[in-house]
Amino acid sequence: MERNDDNWLLRVRNLTKIYGEANENTLALTGPMFNSNICPETDSIVACAGIDFDLYPGEVLGIVGESGSGKSTVVKLLYFDMEQTVGAAWLKPYNDGLINILSESNQKKRFIRNHLMGMVYQNPRDGLNFRFSSGGNIAEKLIMAGNMHVGHIRERASDLLNKTEVPVQRMDDRPSSFSGGMQQRVQISKAIANNPPLLFLDEVTTGLDVSVQARVLDLIRELQQDLGIAMIVVSHDLSVIRMLTDRTMVMKNGRIVESGLTDQILQDPQHEYSQLLVSSLL
Amino acid sequence: MVENKKYVNKYNFAFIDEATKKEIRRKLLKAVAIPGYQVPYSSPEMPISRGWGTGGLHVTLAIIGKADVFKIIDQGSDASVNACNLREFVHMMTNCKTTFDTREATLIQTRHRVTEEELNENQIYIYQVPQPEPLRGVERYENKTRQMHGEADYAKMWVSLYEQIVRHGDIMLGAGYPVKVNDRYIMAPSPIPKWDCPNINQSKALHLFGAGREKRLYAVPPYTKVEPLEFEDIKFHPEDFTTRTCFKTGYNKAYLDELYFDDGTRHFVINDSNFLDKMVNNEPIKQHSNKYLSELKNGAE
């Protein structure tokens with residue numbers, strides 16, 4: 001698809017999250033140049049600042065960086081798990097991208113979350129309700145989108161579990177009795193239940209063993225190709241980024257230090273931190 | 001000694017002082033204005049402990065007037081302990097006329113039942129509510145449930161119903177079946193049996209709910225839509241008495257109690273005592289009408 005100024009799916013401008021009380025020097029005194037995200041004057045913590053990017057339909061964008069660099073904060077802000085300090089985001093399918101989704105009411109935000117977004121967390125406990133069965137977890141997402149027919153809900157849930165290779169016989173079991181990889185796949189089923197145009201993946205394979213990692217990544221790539229979902233993949237693992245993404249942003253101390261095509265960044269990193277990151281790839 | 005001539009009675013009319021009554025009435029007005037919304041209120045001290053019907057008593061005493069005729073039932077019965085004691089208390093404090101007759105009463109306080117006889121526009125129906133929060137089973141934190149109500153975020157409630165259907169084949173809620181009021185709030189209709197839920201829908205009477213221990217009031221105004229939660233394919237249904245009949249009247253289009261006699265035999269009897277008395281004495285009765293009741297056939301006929 002051709003990319004121009006008009007056909008973006010998600011547009012993010014100046015997304016910033018600061019914990020504590022900042023003053024006018026906070027942003028100037030933190031960041032990769034100072035190798036710190038703690039303001040020396042106010043002790044406020046800049047989780048991320050000045051994040052600008054556009055995401056296009058069907059595109060997979062990677063965010064890579066060390067832990068504490070603010071990459072998870074970015075997706076959590078965009079999925080409304082946290083509230084931004086400043087910044088704006090527009091989502092094309094919502095009101096034709098004319099309204100800043102971050103300033104909408106909670107009710108509208110929930111509508112956007114349920115109809116237009118999906119999220120897969122690193123820890124399945126964040127994304128799944130362990131007191132409900134795995135089918136119930138998927139049902140929650142479908143019910144929130146207005147599906148009130150038990151038969152249809154169960155059909156859709158078993159389709160999704162099939163697609164993500166979770167045995168359908170285990171639909172009515174609680175995710176607590178599942179293995180880590182299965183829990184992650186149930187989480188993915190839930191996230192894509194309403195065919196969202198946008199999916200956030202926050203360190204999905206961290207904590208899984210290598211063979212399961214490979215299968216989960218395979219699954220995500222398949223889904224991406226079959227359904228054409230745009231994704232933002234957060235990872236500290238460059239091999240995940242290489243396998244999944246078209247474009248990558250490198251973050252350090254809450255700022256984007258470099259962004260570009262994934263291949264380009266891996267072959268020819270410009271920023272010294274990206275160089276360090278690539279050279280430490282095993 | 002100067003004799004106190006100002007205060008002839010030991011207590012204010014209807015026990016509660018006027019300022020507190022005013023507060024409760026104002027909260028009730030708010031509750032009526034937002035059907036199904038739980039309004040916090042003061043829940044003042046009563047000579048009975050909280051959780052023993054204080055909520056219903058607060059509402060009754062705040063709105064009762066000298067001309068009111070008071071009826072109180074406990075699980076359908078005018079004669080059970082809770083009803084008798086509270087009736088005597090209200091009578092002592094107001095000197096109002098009390099009655100067993102559902103039609104004669106203007107103010108009916110209840111514990112866990114709606115009368116079988118239809119209510120009219122001049123009546124106010126008051127519930128004693130132990131747990132006003134229908135979402136408590138799925139969310140334990142009050143600040144969360146209030147937010148969920150505020151945003152009409154009821155997915156968790158629906159998923160818990162879905163889970164019950166998956167696990168047991170049906171929605172396993174008997175008393176206190178959650179209802180949606182006026183297409184907005186999900187409300188706990190106090191633990192009335194499922195049988196009674198359709199009778200609140202478009203009722204001619206004003207329904208007021210008081211939860212004394214939890215300090216909440218809520219209301220269903222007359223002619224308000226009250227729908228039990230149901231899925232498109234799995235519907236709400238009241239208790240099924242088609243194979244049983246009241247052993248005194250042979251009737252089964254009313255909520256039945258199960259009785260064991262001394263010889264070990266099992267019988268069923270109409271739960272609503274005033275309704276039963278009227279049936280036995282062949283007095284004219286106008287029962288509630290709802291779509292579930294009209295589908296039923298009387299086994300005795």
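In what follows, every chain begins at residue 1, and chains take the letters A, B, ... in the order their sequences are listed.
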What do you reckon, is [atom1] of [X] surrounded by more than 12 foreign heavy atoms closer than 6.0 Å?
X: A/Arg131; atom1: CZ; value: no
X: B/Arg26; atom1: CZ; value: no
X: B/Glu258; atom1: CD; value: yes
X: A/Lys109; atom1: NZ; value: yes

Interatomic distance, A/Met148 atom CE to B/Ile234 atom CD1 [nearest 0.5 angstrom]: 13.5 Å
Any side-chain heavy-atom pair of A/Asp172 and B/Glu163 under 4.5 Å: no
Closest-packed option against chain A by number of heavy-atom pairs under 4.5 Å, given B/Val166, B/Val159, B/Asp233: B/Asp233
Basic-acidic side-chain contact under 4.0 Å: B/Lys156, A/Glu140: no
Salt bridge present between B/Asp153 and A/Arg110 (N-O < 4.0 angstrom): yes
Among A/Asn147, A/Ile143, A/Ile153, side chain to side chain contact (heavy atoms under 4.5 Å, CB included) partner for B/Trp158: A/Ile143
Side chain / backbone / both / neither for B/Glu230 at chain A, heavy atoms under 4.5 Å: neither
Closest non-hydrogen atom pair between B/Arg167 and A/Arg174, with its separation: NH1-NH2, 3.2 Å
Non-hydrogen atoms of A/Gln107 and B/Ala152 that approach each other most closely: NE2-CB, 4.4 Å
Portion of A/Asn114 that has a non-hydrogen atom of chain B nearer than 4.5 angstrom: neither
